[in-house]
Structures are given as C-alpha cells and as structure tokens.
Amino acid sequence: MRTDVFKDFDLESFRFEDKNYLTCLIDEFEHYEMKRAIEKAKVGVDLSDCDEEDKIEFEAICLDSKEKLFKVVDKIDKNTLVAFDTETTGLDTKTDKMVGFSFATDNEKAYYVPIAHSYLGVTDQVDIDDAIEAIKVILKAKVVGQNLKFDLSLLYNQYGIEEVVPFADTMIMAWLLNAGSKVGLDALAKKFFNYEMKPFKELVKKGETFANVDIESATFYASEDAWMTFMLYGALDRAMSLASIDHLKEEAKNVEYPFINVLIAMERRGIKLDIEKLKSLQDMLSKRVEELTKEIYELCGSEFNIKSTQQLGVVLFQHLGLKGGKKTKTGYSTNEKVLNSLKNEHEVIPKILEYRSTQKLLSTYAQPLLKLAKKDKQNRIYTSFLQTGTATGRLSSKDPNLQNIPVRSELGRSVREAFIAKEGYKLLSIDYSQIELRLLAHFSKDKALMESFKQGLDIHMATAIKLFGEEEAEAKRSYAKSVNFGILYGMGAKKLSDELGITSKEAKEIIKAYFEAFPTIKSFLEKIQEDVKKIGYVETILKRRRFFDYENATGMQKASFLRESVNTVFQGSAADLIKLSMLEAESYLKEEQIDGAMLLQIHDELIFEVKEEIVQEVSLKLKYIMENIMVLEVPLVCSVSLGDSWGELK
DNA sequence: TGTGATAGCTCG
DNA sequence: GTACGAGCTATCACAC
C-alpha cells in the first residue's frame, strides 16, 4: 500500500466545514487509499451538529454609486483574493452587453454593481466608465472565477480590458479534480456545500434578459455567484490537497489558466468562409435532396418522411419486404451499416444512402455555416472551445462545432473548401503524425515499436510486417491499421472481427500475434488496467487524472472502465502535448510580432492563418515548436501543408 | 411550446 | 453485452 497519500493527512486539522469536503471526496473520488483515510478521519471528527453547520449563508450588498463602489474596491490590492463574475444580456461575448458585475473577498458577503439594468423605474446604477475602473483594480488582484473565459472574453472584446491570467478558475479546478463530474456552479455548490443556488430561470423570464431583472433580485443572484465561487475556491483548493494532487495546482497555474487566453484569442479571430462557394454548394445540395426525395417516393410507391427512421423502417422492412432484424428500442435499425448490407437487394437503398449524406451536409453544415457567415462583416465564423468539456483532456468545440467539418467523402470536402484564408494570407495546417501510437511507444518502451518510429517507417505497414510477414504485409496493411487503433481503444476480438469482416477466431489470433510481436505493449496495457483496479485512476503525461469507480462497478461497467482507462492515457496525453504546443505557438507569434495567428485546433492538428510572404518561414518555426514540445522516447513528427482553403490542405 | 430520449452521422 | 473521445440535426413522445 502506498503511504505518500497519507503524508499531509492531519486529523486534528479538520474543521466542521470539512465535513462536506470529506463527503464529496468519498463520493467523487475512487482513490481507494484516500477513501479509507477519509473514512478513518470521519470517526475522529464530531459530526453531530453538522446539519446546523450545513446551513451556510451570505450577505448580498448592492453598490449602486461610484462612492459606495470605490469605498470597497479601494481596499483591494494585488494580494487580495477576489471572486469575480459578470452578468450580461446574453451569452455572445462579442455583442451582448454587461449588465452588472459581482465580487467577493471573503466567505460572508458579496457585492453587486448594477450598470445597465433597463426597466421602468430603475434605481441608481454605476456609470460604465467607473465600473471598468473598478474592474481593472479587481483584475490586478488574485482573481478567481467560474468559467472566466466567458467574463474575460466579454471584457477584452468590448470594454478595453487588457489580457490578464487568472489566479484560479473553479470550473477548471473541479474538472482537474474529476474530469468526469459536473462542473457547473450549481452542481458544485450542491456537491460541496449541499447548497441550492437560485435558478437563473426563475429570475429571467423567456424573451427577457438580465437587464430586465430588478436590481434587488439581481443583487442576490449575482452576489450569490461571486460568493459561491469564493467558497468553492477554498473547498476545491483544499480538496486537491486532501486528494494528494497538489501537483495539479501547478499544472493549472502553468498550463490551464494561461491557456484560457489562448482560447479567447482563437475564438475572437474566427475563420473566414467563402460565401459564394457555400451558397452554390447549398443550392446544389438542396436540388439533389429534392431529386432524391422524388426518386425514393417513386421507388417505394408511397410518400413518407425519409428522415424518420421509424417510417423508413416500416417502408423498407414491411412494405418492400426487405430482410432486416429489429435492432433498436423503437423499431428497425436503418443505419448506414444496415443499408450498405442491403445495397443489392433493392435499388432504393443507394438512393437513401445518398439522401442521408446529402441531407446531412445540407442541414448540419452548408445551411448553418452560411447563415453564421452572412451575419459577420468579414464573413468569419466564431466557434466556442470548451476547456472542460471532455473526460480525457481534449478540447471540444461548439456553436458551431468546427472540429467535425467533413473530410472523408469528396462532396464532404467541398464544405471544407469554403473555409478560406483572408486576402493576402494562407491557411497553414500542422498536424501531429500518429501522436497516440508514438505515446504508446514512449510509455511502453517497446523496442520494436520504438525502432519503427525512429526509422521513420510507415507504422501500419511495419505492424503488418510484424503480424503477417513481408509478403502479405501490403495486402493486410489495413488490418494492421485497425489493430493499431484497436489497441488505443482497448478493443476486444469481437469488434475487431466486425471491423475487418473476419471471424472472431481469426481476430483473436491476430490480437495474439500482436501481443507476441510487441510483448512490452501487452504488459504496459496490463499495468494501466491494474492501476484502475488498485488505485482507481490513470494518469496522463502531465499527471492529469481520470478516476473510475471500478470497485463498485457492474461487470459491464468494469469492462468499459478498463477500455476507457487505456484510451485516456493516450488520448489525454496527446491532448496535453498539443495544449503545450498551443501555448508555445501563441507566445512565439505574439513575441515575434508575426503577421499570422492560430485559428483552430482539431485534436492533433492546428490551423493558422499567416501572411503569404512569410508563411513558409513561419511554418518551419511552428513545426519545430510542435515537434520539440517535449522529448519522448521516440521523435514527434508533424506534417505541414498550406493553401488558400482548408479543403486543399493535407 | 418546450424538453428529453433516441437514432443517425460528422470529425479526430 | 464491449473499440475511445466529442457535437448537431431531426423525429417522437410527452408535459405544460
């Protein structure tokens, strides 16, 4: 049993309010030694009065004049811990306005500063210029927030505030503590303090904004947010220590908090779309959908909603009498795989497949992107990156999601062609080649795999040679590729056989051959699984953790956890590396005053927009940064490509 | 009219 | 009953 977990564990130091932290830790952490330690500790703490202690309260104070505001703000200096939050008319930090802001410097009270409430009979408010002055003072202190990317983005975009690195962000702290848990303020308040936050919906009726809320109600709501953020900072900071993950405080400080500003900058830049191209694509897709609709009705002998899987199932498997097993909860399965297997059974099937893909491009990509691009003067669209959106550490992108723009089909790529560089600039793409397999080589130190990467071989071909011999390797390269992916996903023989269209027995033999060829990979994967079983978590290369409640899981969950844990090591570590690269790339471009900028991240790829004359030179520098971001047991290799549109790249 | 579940499809 | 991680669109059933 490890003992370092107990190192800082001091029974005497627990206070009553720790009860909730402890409960939370017991519930949320599947760190078994930790759990036992906490349970021991609970015995030593008198919890009999805890119900009383649970009722936490605060005082909400409205600062509705310059004098009142600065009387409080003047006491703030650079060492003051301040929780800060803004209230706005909406969620778009480019256009929506600040209605007020709140802050707290202790766990007993919080202040609200009304700025732009707008309703009949509205009382005193603070002038926006005075409010900005106060905010500047607050941002010079140790500022803590819940999702500060939003507040800072608003302040940078519209209120002339200069870039600051936050002292802490409770959403990110909660995510680092447990990436699988809910990280919203309401959920955290409930979890750590058993406290119910006032729901936003009760305050703002539909069709209205925060500006319509009366200042008295707003004062309570906004102050509550700042106060709870202040409280949570303390709780999360302590929870991190209790869970013996103080090193993640450093990771947060060095990586995650500066990274907030990288994301804000990318979100603000957006990426340009070719409106004409998108328009003609949209027209073409619409016409094709119309044609296909008619043809499908004719071939089926009836009109129905092709988009409805239920109706389609009835038509195909009852009216037309095609053979299809009931597979879903609601009826027949009609997914691409099923339809592909019926391709030769009826001539309508290929039409439906084409209808599906065309309709997808139209409704998910062409139409919404065109609509967004038209709204912007420069025809640029702006995504929102989520820093705490995944369990592994990857980013996600939404509204719109720019991480799943089509590339695999030819027609799909035409959507990508609508993403263009602005006049005089080029789009530059640099992507990590096989980063997850390189991490597998790095972690496992498998001689054969390391050697393949050091020699710069085609890794799937090298695997194929190992598995099937020189002669068959070429023909079976795709098998090897599937196996390599499968390894990273924690595959079983069943899925591999499905994937390759071979028997389960053959798949088993391939897997067996793989582990014989790469014995240290086998033992490394087993080590990961042992960790999950014994200590309940796995770690990425930056020591971020993902927890699994293996002990209390059902059989099926246990199997899932083992696969997820294996994948997390590779996917999460890859996410760590590209995050570091993005920080480096951003500071290089800024410090060297390069006429170019980072626009998008798609997991293992970065997209830049760079002035034409210097793009070659800049691409080399960026490639160098990415390839040398960390020294591993194998080289990191990036491939570079550039063009006028995203569709041309790669 | 809004919401949550389901099915399907897009990407790395 | 098992390949990982995401987000968006549309339908459908149900509640208000």
Side-chain angles (χ1 to χ4, degrees), chain A residues 179-180 201 206-207 304-313 327-339 352-353 355-369 383-386 388-409 411-413 415-416 431-436 482-500 504 507 511 525 538 546 553-575 578 600-606 646 650:
Chain A
K201 276 189 177 174
K206 56 185 172 187
F304 61 100
N305 187 348
I306 308 167
K307 295 193 208 78
S308 162
T309 49
Q310 281 182 40
Q311 293 180 39
L312 181 65
K327 275 180 76 180
T328 64
K329 287 177 186 174
T330 49
Y332 301 100
S333 172
T334 67
N335 66 24
E336 193 180 357
K337 211 176 155 188
V338 170
L339 294 184
I352 292 169
L353 282 163
Y355 175 92
R356 281 252 177 94
S357 59
T358 313
Q359 173 64 28
K360 177 78 178 175
L361 291 178
L362 183 64
S363 67
T364 306
Y365 299 103
Q367 284 173 344
L369 291 176
T383 186
S384 177
F385 288 107
L386 305 188
T388 58
T390 68
T392 57
R394 273 188 175 182
L395 294 178
S396 72
S397 156
K398 67 166 190 178
D399 304 329
N401 181 357
L402 296 185
Q403 290 181 321
N404 71 345
I405 301 302
V407 66
R408 289 170 193 169
S409 78
L411 196 56
R413 262 195 299 280
V415 175
R416 235 169 230 237
D431 74 290
Y432 278 109
S433 155
Q434 306 293 358
I435 188 165
E436 292 184 12
S482 281
V483 175
N484 278 333
F485 272 105
I487 291 290
L488 300 172
Y489 294 159
M491 70 174 165
K494 177 93 167 46
K495 183 64 193 180
L496 183 67
S497 59
D498 274 6
E499 196 71 23
L500 297 177
S504 183
I511 294 172
L525 297 181
V538 295
R546 181 173 175 189
T554 65
M556 208 162 89
Q557 284 173 325
K558 279 189 165 85
S560 265
F561 287 169
L562 293 178
R563 291 195 303 272
E564 288 165 9
S565 61
V566 166
N567 180 252
T568 296
V569 174
F570 306 114
Q571 192 185 113
S573 298
I578 198 161
L600 296 176
Q601 184 247 50
I602 308 100
H603 308 307
D604 60 0
E605 174 187 17
L606 297 177
W646 194 2
K650 270 189 191 175

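In what follows, every chain begins at residue 1, and chains take the letters A, B, ... in the order their sequences are listed.
- For A/Tyr355, the side-chain hydrogen bond (donor to acceptor under 3.5 Å, both in side chains) criterion is met by no residue, not counting sequence neighbours.
- When rounded to the nearest whole Å, the span between CG of A/Leu488 and C1' of C/dA6 equals 17 Å.
- Within the 4.0 angstrom heavy-atom criterion, only backbone atoms of the sugar-phosphate kind lie near A/Ile602; the bases stay farther away.
- The nearest whole Å value for the distance from the NE2 atom in A/His603 to the P atom in C/dC4 is 16 Å.
- Nucleotide C/dG1 holds its C1' atom 13 Å from the CG atom of A/Asp498, rounded to whole Å.
- Side-chain contact between A/Lys206 and A/Lys201: absent, with no pair of heavy atoms (C-beta onward) separated by less than 4.5 Å.
- For A/Arg394, no side-chain nitrogen or oxygen approaches OP1 or OP2 of C/dC4 to under 4.0 Å.
- When heavy atoms are screened at a 4.0 angstrom cut-off, A/Ser482 is found touching base atoms of the nucleic acid.
- Under the side-chain hydrogen bond (donor to acceptor under 3.5 Å, both in side chains) criterion, A/Glu499 pairs with no residue, sequence neighbours left out.
- Phosphate proximity of C/dA3 to A/Arg563: absent, as no side-chain N or O sits under 4.0 Å from OP1 or OP2.
- Rounded to a whole Å, the CG atom of A/Asp604 is 12 Å from the C1' atom of C/dG5.
- Atom CD1 in A/Ile487 sits about 14 Å away from atom P in C/dC4, given to the nearest Å.
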Side chains of residues 553-563 of chain A: which donor-acceptor pairs under 3.5 Å do they make with residues two or more places apart or in other chains?
unit_1, atom_1, unit_2, atom_2, d
A/Thr554, OG1, A/Gln557, N, 3.2
A/Thr554, OG1, A/Gln557, OE1, 3.4
A/Gln557, OE1, A/Thr554, N, 2.9
A/Lys558, NZ, A/Ala553, O, 3.1
A/Ser560, OG, A/Arg563, NH2, 3.2

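- Side-chain atoms of A/Leu606 and A/Leu600, non-hydrogen and from C-beta on, never get closer than 4.5 Å to each other.
- A/Thr309 and A/Thr334 share no side-chain donor-acceptor pair at under 3.5 Å.
- Residue-level contact check: A/Gly486 touches the bases, meaning some heavy atom is under 4.0 Å from a base atom.
- A search for side-chain hydrogen bond (donor to acceptor under 3.5 Å, both in side chains) contacts involving A/Thr392 returns A/Gln571, not counting sequence neighbours.
- The end-to-end axis angle of the helix from B/dT1-C/dA15 to B/dG12-C/dC4, rounded to 10 degrees and based on five pairs per end, is 10°.
- Under the rule for a side-chain hydrogen bond (donor to acceptor under 3.5 Å, both in side chains), the partners of A/Tyr332 that lie at least two apart in sequence or sit in another chain are A/Gln318.
- Shown here are the side chain to side chain contact (heavy atoms under 4.5 Å, CB included) partners of A/Asn484, two or more places apart in sequence or in another chain: A/Leu437, A/His460, A/Thr463, A/Tyr514.
- Distance noted for atom P between C/dG1 and B/dC9: 23 Å (whole Å).
- Qualifying side chain to side chain contact (heavy atoms under 4.5 Å, CB included) partners for A/Leu386, counting only residues two or more places apart in sequence or in other chains: A/Ser384, A/Ser396, A/Lys398.
- Counting any heavy atom pair closer than 4.0 Å across all strands shown, A/Thr390 reaches sugar-phosphate atoms only and no base atom.
- A 4.0 Å heavy-atom criterion places the boundary nucleotides of DNA chain B facing chain A at B/dT3 to B/dG12, written 5' to 3'.
- Remark: A/Ala179 pairs with A/Trp175 by the side chain to side chain contact (heavy atoms under 4.5 Å, CB included) rule, at least two apart or across chains.
- The residue A/Arg408 sits close to a base: some heavy atom pair falls under 4.0 Å.
- Shown here are the ring pair (Phe, Tyr, Trp, His ring centres under 6.0 Å) partners of A/Phe385, two or more places apart in sequence or in another chain: there are none.
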Just by protein heavy atoms under 4.0 Å, how would nucleotides 7-16 of chain C read 5' to 3' in B, S and -? BBSSSS----
